[in-house]
Amino acid sequence: MAETIDDKIKNYRTAPFDARFPNTNQTRNCFQNYLDFHRCNKALSARDQDVSPCEWYQRVYKSLCPSSWVGKWDEQIENGSFPGKI
Amino acid sequence: MAHPTLLGFQDAVSPVMEELLHFHDHALMIVFMISTLVLYIIVAMVTTKLTNKYILDSQEIEIIWTVLPALILILIALPSLRILYLMDEINDPHLTIKAIGHQWYWSYEYTDYEELGFDSYMIPTQDLASGQFRLLDTDHRMVVPIESPIRMLISAEDVLHSWAVPSLGVKMDAVPGRLNQAAFIASRPGVFYGQCSEICGANHSFMPIVVEAVPLEHFEKWSSLMLEDA
């Protein structure tokens, strides 16, 4: 499983079609991947496991989310005011 | 691109726009034929000396002018629905570009690999170089590779805008806090113009969009150059 994740990350071109978000409004797609990246990091590092699989979510949210949104959310996480649950 | 005597659509650059153009030709031809027929009938009715006060009904013609319009509507609906579903097909994009509307310029982000972002301002009329188009050319163009499915994600930072490029067949509202997806393929190289399509303040007419479609190698060279300059 880890090898295929690494392959997927290595051959990453852009965020693939996600059937959970088939419509025009991709706002949730961006936000969900941002959340999943941080949750993945938190969960894997809590068990002292390798966090490299989480890079997939990072690549996807970096592709999809406007940089201003990412900057704002990163700042909110740093000062503890991020509205999502991680 | 648009020119002063343009009557129809601009030449299509994406396959979807080609379909839309041909469908419009088809629907418009039907409309012209119906209008011509009606106009002919009106003129004929008005200019005839013949009168007949005794026709009460006619089953045959009633059937014809009920069935024929229904058939015409089906003839319009079938290609229309075909294109509608074609536009909704799941495609596998090669590249994602974000276009973000501001008052009064667009900013483009290419973040699949590196963090490339830049603003695109209209060139003021007094600063136009020879050969550039007034109110249409910008300082930086959105460069895309040809023949690659592109995913556009459109949003805005302040008020509503709309990202439109007619020759690509794309128009998508830019809504603050929302990420709208549109897709296109540039089938041939060239430079394609569009303008902001949602009223957004004083300079709404002065924040155009320029897309430059180039072969992949040129796109790669351009993106390396842009990253260096940033």
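Convention: sequence-line order gives letters A, B, ...; per-chain numbering from 1. Keep in mind it's a predicted model, so treat the numbers as computed, not measured.
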Q: Mind listing the closest non-hydrogen atom pair of B/L179 and A/T27 along with its distance?
A: N-OG1, 2.9 Å
Q) Of the backbone (N, CA, C, O) and the side chain (C-beta and beyond), which part of B/I100 lies under 4.5 Å from a heavy atom of chain A, both, or neither? A) side chain
Q.
Between B/S155 and chain A, with a heavy-atom cut-off of 4.5 Å, which part of the residue counts as in contact: side chain, backbone, both or neither?
A. side chain
(Q) Strictly distance-based, threshold 3.5 Å: is any side-chain N or O of B/T96 a donor or acceptor partner for the main-chain N or O of A/L64? (A) no
Q.
Using heavy-atom distances under 4.5 Å, tell me whether B/Y113 contacts chain A through its side chain, its backbone, both, or neither.
A. both
Q: Examine distances only and state if a side-chain atom of A/Q26 and a backbone atom of B/L153 form a donor-acceptor pair shorter than 3.5 Å.
A: no
Q) Do you know the tightest heavy-atom contact between B/E109 and A/P66? A) OE1-CA, 3.5 Å
(Q) Just checking B/E114: does its CD atom have more than 12 heavy atoms from other residues, nucleotides or ligands closer to it than 6.0 angstrom? (A) no
Q: Can you establish whether the number of heavy atoms outside A/E75 located under 6.0 Å from its atom CD is more than 12?
A: no
Q. Near B/Y108 OH, under 6.0 Å, is it more than 12 heavy atoms from other residues, nucleotides or ligands?
A. yes
Q: Would you indicate whether the side-chain heavy atoms of B/Q181 and A/N29 approach each other to under 4.5 Å?
A: no
Q) Which bit of A/R59 comes within less than 4.5 Å of chain B, counting heavy atoms only: side chain, backbone, both or neither? A) side chain
Q: Look only at the side chain of A/T14 and the backbone of B/H94, and say whether a donor-acceptor pair between them is shorter than 3.5 Å.
A: no
Q. Quick one: of A/P16, A/S67, A/A19, A/C30, who has the most non-hydrogen atom pairs under 4.5 Å with chain B?
A. A/S67
**Q.** Contact leader toward chain A among B/I97, B/N91, B/L95, B/D92, where contacts are heavy-atom pairs under 4.5 Å
**A.** B/L95
Q) Going from NZ on B/K98 to OG on A/S68, what distance comes out if it is rounded to the nearest 0.5 angstrom? A) 9.0 Å
Q: Name the member of B/G177, B/A182, B/S107, B/G117 that forms the most heavy-atom pairs with chain A at distances under 4.5 Å.
A: B/G177
Q) Tell me, do B/R178 and A/N25 make a side-chain contact under 4.5 Å, heavy atoms counted? A) yes
Q | B/R151 side-chain N/O to A/A15 backbone N/O, donor-acceptor pair under 3.5 Å | A | yes
Q: Specify the closest pair of heavy atoms between B/D112 and A/Y12, including all atoms of both residues, with the distance to one decimal.
A: O-CE2, 3.9 Å
